Novice: 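First, the structure itself, so that you have it in front of you.
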Amino acid sequence: MGVSIDIDNVVKRYDDNTTVLNGLSLKVNPGEFFTLLGPSGCGKTTLLRMIIGFNTIESGTIKINGKVINDIPINKRNIGMVFQNYAVFPHMTVAENVAFGLKYRKVPKDKIAGMVDEILKTVKIDQLKNRKPSELSGGQQQRVALARALVINPDVLLMDEPLSNLDAKLRVEMRNAIKNIQQRLGITTVYVTHDQEEALAVSDRIAVMHDGVIQQIEKPKQIYQRPANIFVATFIGLSNILTGSVSYGSQGSEKLLHFDDFDYKIPLPNLQGSVKDGQAVKISVRPEEFVINAKGEGIRATIQRAVFLGLTTHYFIRLVNGKDVEVIQYSNDQDLLPIGCEIGLTVKSSAINVFEADSEKTLIKGAKNS
């Protein structure tokens, strides 16, 4: 069973008085695969380095299984780390690389070989134990780095952009391997990435970060389907952002969502009760949440380009007000809609997201604001 990680109101400030994290708090559950996701410079790697001890903590506390680790030396924290650049020793064999941490911890020699063999089988490179890193592929080197981090039986596994140096096919292969190994061992894992698809694929929960602030913490499906704000909606996947307003129907209870510049409105019963009559809003419509109507019903638009991708077709479409949007539809037996074809667009009302125009926070019932 894994351990918990409690990060309470931590601050990271550098010598030039640049504050990267200012009172950040979160909790990682025992055995959880927890991902810090965000653009470069948002503070996710800084936080990871604070957990392992590479970065100081100006204030606040970090606890592992209830024990404050702020002042515990790095080599006493029992944390395994996998780096972006693998950091394997080129002059050592695979087995020697993996055994390095065990020797440093003064594990008896008669136990080391068995522990190394066991973890190499777990990461499926036991047949490569006598090779040097120069004889390995990028994916194999990353498995060596993972084995070296795991063989010491750490309380926590930290991974900093571990797949960014691999090609697309290897990234998919390795992310599946990492997730399978993590689930099998039940080790609490904190994973840093800027790749949205990667985060959605491996995580139990995701913390989306921006400018040192956590925007939302949720399970992948909730993050994607019910983003807390416009930043999350546009950072995770594709989103078309439109403007509109809300009105109340004649009975005073039904809420109608009006799309600016278009003679198009829909009932939206899942808006929060705090929404005011006439309130300006921003509307997020993901490409798959549009429906193309060849007869022109809905928002009038024109096909600009169509890209056939097998299972789906990706349309680039210009709305009648001149705004460009992207629409993804499942491919079928029908021909692609030609360039210049005039169509109508409607939306899947139960799927779209609506946000306050000013704060850009969600107005959908059940969705959680940051």
Side-chain angles (χ1 to χ4, degrees), residues 4-29 32-64 68-71 74 77 79 81-84 156-162 164 188-200 202-220 222-224 226-237 239 241 282 284 355-356 358-362 367-370:
S4 62
I5 304 173
D6 291 278
I7 298 171
D8 184 23
N9 207 32
V10 298
V11 173
K12 178 58 196 171
R13 189 180 298 112
Y14 290 108
D15 292 339
D16 61 357
N17 286 325
T18 299
T19 300
V20 181
L21 303 175
N22 191 12
L24 183 145
S25 298
L26 61 84
K27 178 180 177 65
V28 182
N29 298 318
E32 187 172 37
F33 198 118
F34 189 92
T35 295
L36 301 172
L37 172 67
S40 297
C42 72
K44 55 189 187 295
T45 293
T46 296
L47 180 58
L48 200 75
R49 292 172 64 86
M50 292 169 77
I51 296 172
I52 198 169
F54 292 156
N55 285 348
T56 58
I57 303 170
E58 274 57 65
S59 67
T61 59
I62 297 179
K63 298 178 182 177
I64 293 182
V68 176
I69 63 167
N70 291 36
D71 299 320
I74 296 172
R77 294 191 184 194
I79 294 174
M81 180 122 183
V82 179
F83 298 91
Q84 178 178 347
V156 172
L157 176 64
L158 306 180
M159 308 188 79
D160 187 12
E161 302 272 10
S164 60
T188 304
T189 300
V190 182
Y191 189 95
V192 162
T193 184
H194 64 272
D195 187 313
Q196 304 97 318
E197 181 180 306
E198 192 175 295
L200 292 171
V202 300
S203 310
D204 294 320
R205 285 192 302 151
I206 299 170
V208 181
M209 295 182 64
H210 181 51
D211 291 340
V213 177
I214 293 177
Q215 305 295 309
Q216 186 174 8
I217 300 178
E218 262 296 353
K219 295 180 180 180
Q222 183 74 7
I223 288 269
Y224 183 84
R226 293 299 179 215
N229 54 44
I230 289 284
F231 175 81
V232 177
T234 53
F235 186 76
I236 304 287
S239 279
I241 305 299
K282 292 182 179 178
S284 166
F355 306 91
E356 291 181 355
D358 294 332
S359 72
E360 298 190 339
K361 292 184 177 181
T362 183
K368 298 178 182 178
N369 278 311
S370 56

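Scope of the values below: all heavy atoms of this structure, side chains included, with no hydrogens, waters or symmetry mates. Quantities reported herein were computed from a predicted structural model and do not represent experimental measurements.
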Novice: Please give me the minimum heavy-atom distance between Pro227 and Thr362, naming the atom from each residue.
Specialist: O-CB, 3.7 Å
Novice: Can you list everything that forms a ring-ring contact (aromatic ring centres under 6.0 Å, His included) with Tyr191? Sequence neighbours excluded, please.
Specialist: Phe33
Novice: Hey, can you pull the donor-acceptor pairs under 3.5 Å for the side chains in residues 40-54, sequence neighbours left out?
Specialist:
residue: Lys44; atom: NZ; partner: Gly38; partner atom: O; Å: 2.9
residue: Lys44; atom: NZ; partner: Pro39; partner atom: O; Å: 3.0
residue: Thr45; atom: OG1; partner: Asp160; partner atom: OD1; Å: 3.1

Novice: Between Phe355 and Ala233, which heavy-atom pair has the shortest distance, and what is it?
Specialist: CZ-CB, 4.0 Å
Novice: Find the distance between CG (Leu21) and CD1 (Ile57) and round it off to the nearest 0.5 Å.
Specialist: 10.5 Å
Novice: To the nearest 0.5 Å, what is the distance between CD1 (Ile62) and CG (Asp71)?
Specialist: 11.0 Å
Novice: Once salt bridge (charged side-chain N to carboxylate O under 4.0 Å, His left out) is applied, what residue pairs with a partner in residues 5-14 remain, sequence neighbours excluded?
Specialist: Asp6-Lys27, Lys12-Glu58
Novice: Do you know the tightest heavy-atom contact between Gly237 and Tyr224?
Specialist: CA-CE1, 4.4 Å
Novice: Is a side-chain N or O of Thr193 found less than 3.5 angstrom from the main chain of Leu37, in a donor-acceptor match?
Specialist: no
Novice: Glu218: what forms a side-chain hydrogen bond (donor to acceptor under 3.5 Å, both in side chains) with it, not counting sequence neighbours?
Specialist: Lys368
Novice: Is any side-chain heavy atom of Leu26 closer than 4.5 Å to a side-chain heavy atom of Phe34?
Specialist: yes
Novice: Who are the salt bridge (Lys or Arg N to Asp or Glu O under 4.0 Å) partners of Glu356, not counting sequence neighbours?
Specialist: none
Novice: Which residues pass the side-chain hydrogen bond (donor to acceptor under 3.5 Å, both in side chains) test with Ser284, not counting sequence neighbours?
Specialist: Ser239
Novice: Can a donor-acceptor pair be found, under 3.5 Å and without considering hydrogens, that links the side chain of Ser203 to the backbone of Ala199?
Specialist: yes
Novice: Say you draw a straight line from CG of Leu200 to OG1 of Thr35; how long is it, rounded to the nearest 0.5 Å?
Specialist: 9.0 Å
Novice: From Ile223 CD1 over to Gln215 CD, what is the distance, rounded to the nearest 0.5 angstrom?
Specialist: 10.0 Å
Novice: What residues form a salt bridge (Lys or Arg N to Asp or Glu O under 4.0 Å) with Glu360, not counting sequence neighbours?
Specialist: Lys282
Novice: With sequence neighbours left out, what residues match Lys219 under salt bridge (Lys or Arg N to Asp or Glu O under 4.0 Å)?
Specialist: none
Novice: Could you give the distance from CE (Met159) to OG1 (Thr189), rounded to the nearest 0.5 Å?
Specialist: 7.5 Å
Novice: Checking Arg226 now: which residues fulfil side-chain hydrogen bond (donor to acceptor under 3.5 Å, both in side chains) with it, not counting sequence neighbours?
Specialist: Asn353
Novice: When you compare the side chain of Leu36 with that of Met209, does any pair of heavy atoms fall below 4.5 Å?
Specialist: yes
Novice: Could you pull out all residues at least two apart from His194 that satisfy ring-ring contact (aromatic ring centres under 6.0 Å, His included)?
Specialist: none
Novice: Sequence neighbours left out, what passes salt bridge (Lys or Arg N to Asp or Glu O under 4.0 Å) with Glu32? Give chain and number order.
Specialist: Arg205
Novice: Hey, are the side chains of Asp204 and Asn29 touching, using non-hydrogen atoms and a 4.5 Å cut-off?
Specialist: no
Novice: Identify, with sequence neighbours excluded, every residue that meets ring-ring contact (aromatic ring centres under 6.0 Å, His included) alongside Phe231.
Specialist: His210, Phe235
